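These numbers were taken from a predicted model, which means no experiment stands behind them. A, B, ... follow the sequence lines: proteins, then strands. Residue 1 opens every chain. FYI, side chains are in, hydrogens and waters are out, and symmetry mates aren't considered; it's all heavy atoms of this structure.
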There are 2 protein chains.
Amino acid sequence: MSLTIGELSRQAQVKIPTIRYYEQIGLLAEPARTEGQQRRYGAAEVRQLNFIRHARELGFEVEAIRQLLDLTRAPERSCGEVHEITRTHLEEVKDKIARLTALRDELEAMVACDHRKISECRIIEVLADHGQCQHAQH
Amino acid sequence: MSLTIGELSRQAQVKIPTIRYYEQIGLLAEPARTEGQQRRYGAAEVRQLNFIRHARELGFEVEAIRQLLDLTRAPERSCGEVHEITRTHLEEVKDKIARLTALRDELEAMVACDHRKISECRIIEVLADHGQCQHAQH
DNA sequence: TCTTGAACCTCTAGTCGCTAGAGGATGTAG
DNA sequence: CTACATCCTCTAGCGACTAGAGGTTCAAGA
């Protein structure tokens, strides 16, 4: 079971330069190499890279992921710390959701604007500072 | 009504270097200057910078904001285009919300983990690729 | 065995949207 | 008139990639 970087890329859904970048910043260990210096990976790397991608998609910063990866190597005393990292992140996520939900509602109200009645289009007003209409003529 | 960059910064809640950066990339017009080359702003700039900040907070990219600002200068034929920019953005926002909500649920399940029962902590498993448990011993 | 060509290698530089710091000039209040 | 907060420009840095140049390796087919 030996994968090239291209195969790893496809399996883990992470672009090749990004894999090399992760290796460079120490998020991914240096893999085995062929005589000709080409990288070869195993199943463990596929799992780890999936872990990283998943965490990135969920908004964890690289530094947080590094901490999580470090902690998983000492699992017997890690749960509390993992818990703490996660809880901090949860607050951020909740905050993001709240702001995006407010945005979505605004955008939906905007999009409800009737194309044929340009004079009533609210997009600019809504994006302008609340309460102050920047384009009264619009 | 003449504001220094510091006053503008406070009123629009945008940091001074960011204001200068916006000017540099052409998002904000070059303001009037004193004899000694210090920037002086008026009420219009406060409104425009508020508009920009609001749009940035809501996740609009600088390029999209530039388009919106351009369009507001030709309001009689702009509504459709503004609408289009907004609708595209709305799709992205909805997608983000969906993914973050899924994340929030995962994180909340993780945080519900009992500290005293490390062996049941699910954080690592949830972050690992779904269905594959990276740390079966944990 | 040889050749072809896709995939790999390293390295540097660019992207976006800021942010920080150096080193010096300006403006205003006492 | 002096002190000093605030301003100026300029360069460089950040995170997390992404792109390109220029060259090498590997594996499959003839």
Nearest-angstrom distance from the residue atom [atom1] of [X] to [atom2] of [N]:
| X | N | atom1 | atom2 | answer |
| --- | --- | --- | --- | --- |
| Ile16(B) | dA20(C) | CD1 | C1' | 13 Å |
| Glu23(A) | dC17(D) | CD | C1' | 15 Å |
| Gln37(A) | dC26(D) | CD | P | 9 Å |
| Tyr41(A) | dC9(C) | OH | C1' | 12 Å |
| Ile65(A) | dG15(D) | CD1 | P | 14 Å |
| Lys15(A) | dA7(C) | NZ | P | 17 Å |
| Leu27(A) | dA16(D) | CG | P | 10 Å |
| Glu63(B) | dC16(C) | CD | P | 9 Å |

**Asked** Between OH of Tyr22(B) and CG of Leu49(B), what distance do you get to the nearest 0.5 Å?
**Response** 7.5 Å

**Prompt:** What distance do Gln48(B) atom CD and Leu27(B) atom CG have between them, rounded to the nearest 0.5 Å?
**Reply:**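 Spacing of CD (Gln48(B)) from CG (Leu27(B)) equals 7.5 Å.
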
Looking only at side-chain N and O atoms, does [X] come under 4.0 Å of OP1 or OP2 in [N]?
| X | N | result |
| --- | --- | --- |
| Thr4(A) | dA7(C) | no |
| Arg33(A) | dT10(C) | yes |
| Arg39(B) | dT26(C) | no |

Closest to the [X] side chain: [options]?
| X | options | answer |
| --- | --- | --- |
| Thr34(B) | dT26(C), dT18(D), dT25(D) | dT26(C) |
| Tyr22(B) | dC8(C), dC18(C), dT18(D) | dC18(C) |
| Thr18(A) | dT18(D), dT25(D), dG27(C) | dT18(D) |
| Gln38(B) | dG27(C), dC17(D), dT9(D) | dG27(C) |
| Val62(A) | dC17(D), dG27(C), dT19(C) | dC17(D) |
| Arg56(A) | dA16(D), dC8(C), dT9(D) | dA16(D) |

**Asn50(B)/Arg53(B) under side chain to side chain contact (heavy atoms under 4.5 Å, CB included): CA gap, chis, key distance, verdict** = CA-CA 5 Å; Asn50(B) 264 315; Arg53(B) 175 181 51 97; 2.5 Å; yes

**Request:** Return the 5'-most residue of the pair Gly36(B), Arg20(B) with respect to DNA chain C, ranking by each residue's nearest nucleotide.
**Result:** Arg20(B)

**Message:** Around atom CD of Glu7(B), are there more than 12 heavy atoms from other residues, nucleotides or ligands closer than 6.0 Å?
**Reply:**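 Yes, the 6.0 Å shell around CD holds more than 12 heavy atoms from other groups.
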
**Asked** Which part of the nucleic acid does Ile5(A) contact within heavy-atom distance under 4.0 Å: base, sugar-phosphate only, or nothing?
**Response**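 Counting heavy atoms under 4.0 Å across all strands, the contact made by Ile5(A) is with sugar-phosphate only.
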
**Prompt:** Do NZ/NE/NH1/NH2 and the carboxylate oxygens of Glu23(A) and Arg20(A) come within less than 4.0 Å?
**Reply:**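 Looking at Glu23(A) and Arg20(A), the cut-off is not met.
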
